[in-house]
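A note on names: the letters A, B, ... follow the listed sequences, proteins ahead of strands, and every chain is numbered from 1. Side chains included, hydrogens not; waters and symmetry mates left out as well; all remaining heavy atoms used.
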There are 2 protein chains.
Amino acid sequence: MAKLKSIGQINTKSLRERVLDSLRTAIITGELKPGETLVETDLASQFGVSRAPLREAINILNAEGLVETLPYHGTTVKKLARKDIEELYSVRSMMEGFAIQRIIDNGRASTVAEALRAICQKMLAAAEKDRLIEVNRIDRVFHDTIIANAQNQLLTSLWNNVTIRVQQVMSLRNQSKGDLQQITLNHLTIVAAIEAENVVEAVQLINDHIGSAGDLIVEGWEEPEP
Amino acid sequence: MAKLKSIGQINTKSLRERVLDSLRTAIITGELKPGETLVETDLASQFGVSRAPLREAINILNAEGLVETLPYHGTTVKKLARKDIEELYSVRSMMEGFAIQRIIDNGRASTVAEALRAICQKMLAAAEKDRLIEVNRIDRVFHDTIIANAQNQLLTSLWNNVTIRVQQVMSLRNQSKGDLQQITLNHLTIVAAIEAENVVEAVQLINDHIGSAGDLIVEGWEEPEP
DNA sequence: ATGCTGTAGACTGTCGACAATCGACAAAAA
DNA sequence: TTTTTGTCGATTGTCGACAGTCTACAGCAT
């Protein structure tokens, strides 16, 4: 068979998928703000599709918990109260702690620690240049790596759902996050605890780490009126 | 305004919701078995609705992870491999352990212990009569109560997703579960640890409890061919 | 004024029909 | 025979139109 190197996979995703991705991204990036309503007719004509695939996309966003639909009243982007964010970060903490325990129990501590250290190195480089966005991106990779190495698909899928909201929260509050280099160092202490296979300490450190990140976000968060 | 006691709320749920509930129940009870395919046209005429609400219901089941859809190839009930079940039970264990920690940290140990003890009493009564189904139902209430008292809505919604699959697994394997009375006693030791505010022990006990329940299910589980 | 009733407009919920895609098998080409 | 191409039937993906439901406001009666 002829192999044409200039030809790539053309986009075969269904309209539902494409609309879903667009909407999700819009919510995560804060382009669609909490409380804003999604009118099917408007969005459909905006995307140039009919209402059917658009409705299906909205249903999925509903199941993911990013929007809320009241029958015959329309769909709105879910509002984020302080309590929601606290819950978000404590659930996140639970998952990462569990993952670390799994990693150590499965004897993968040194392997994972190595991978994490490499990530930290990149983070440090970005931190030195004060590239906040880059640091955030690498930070996500760091935590994704921890979860992935628990080798538990169910955990991973729950995690994906949770991190979507974390990203949303962070973009609604493009925060300074304090001293970037200090943050990187915090990550390294976690890596060290994992490498030492010290479950209790590693879990403690990750709890503190996530907890203080959450506190920073929650600090001065404006409650939405109900 | 006149109050008519013989009049109740009539069912106003949308077709999508009703179809969704029916399908979900069918999957949970094992009426729809893993691997079975859901043909939109057939189901729609079976329910007496058009394909639109049916498709929306299927999309939600997809997001919940109960079914799998291949584009243009149809939807099938997700197969359950041994690994899936192990993951299910370990995630469940993580959640309950976290919930217990939260309950104790929030100083609600005695309140919750009291409620749990009452549930155990009912369980014991059902166990003495060897009413397996009843014991299972109360067992669910017991664990739901633990989660609910963590007072974390995000945790609760993740929990609901997880327990749906637990129910599915259990109905696919209408298990004996060993000695019913012994099980009830296990629950009581957990309650005692909570009441004593002994986080480490309570978490350890719940891990063992869930773990052994999972082992019983996994034991002799037939792997589905892929 | 106050409270009920009924319309209007906007939006969501549902439907039936049509288009697109796939696997399998038959037909044609090598 | 082996490989490629065309066609068919089944099923999903998408569309435009219509029906149902809600809120707000106007009109009417008290």
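In this structure, A:Thr41 reaches the bases: a heavy-atom distance under 4.0 Å links it to at least one base atom across the strands shown.
Between A:Asp21 and A:Lys13 there is a salt bridge, with a side-chain nitrogen of the basic residue lying less than 4.0 Å from a carboxylate oxygen of the acidic one. A:Arg82 and A:Glu86 are not joined by a salt bridge, as no carboxylate oxygen comes within less than 4.0 angstrom of a charged side-chain nitrogen.
Using a 4.0 Å cutoff on non-hydrogen atoms, the parts of residues 48-57 of chain A near DNA chain D are A:Val49, A:Ser50, A:Arg51, A:Ala52, A:Pro53, ordered by number. For residues 16-26 of chain A, proximity to DNA chain D is found at A:Arg16, defined as any non-hydrogen atom under 4.0 angstrom from a strand atom.
Regarding B:Ile60, its CD1 atom lies at a distance of 13 Å from the C1' atom of C:dG13, rounded to whole Å. Distance, A:Asp42 CG to C:dT12 C1': 13 Å, rounded to whole Å. If you measure from atom CD of A:Glu40 to atom P of D:dA17, you get 17 Å, rounded to the nearest angstrom. Distance CD (B:Glu68) to P (D:dT12): 15 Å, rounded to an integer number of Å. Regarding B:Leu70, its CG atom lies at a distance of 10 Å from the P atom of D:dG13, rounded to whole Å.
Checking A:Thr163 against A:Asp144 by side-chain atom types alone, no donor-acceptor pair falls below 3.5 Å. With hydrogens and angles left out, the side-chain atoms of B:Asn149 and B:Arg108 include a donor and acceptor closer than 3.5 Å.
Looking at the side chain of A:His73, the nearest of the listed nucleotides D:dG13, D:dC22, C:dT12 is D:dC22.
The main-chain N or O of B:Arg173 is never found under 3.5 Å from a side-chain atom of B:Trp221 such that the two would form a donor-acceptor pair. Checked by atom type and distance alone, the side chain of B:Lys33 pairs as donor or acceptor with a backbone atom of B:Gly30 at under 3.5 Å.
Between B:His209 and B:His143, the ring planes lie parallel to each other; the angle is under 30°, not in the 30° to 60° tilted range.
Environment of CD in B:Glu223: crowded, with over 12 heavy atoms of neighbouring residues, nucleotides or ligands closer than 6.0 Å.
Remark on DNA chain D: of its neighbouring residues A:Leu15 and A:Tyr72, the 5'-side contact belongs to A:Leu15, judged by nearest-heavy-atom nucleotide.
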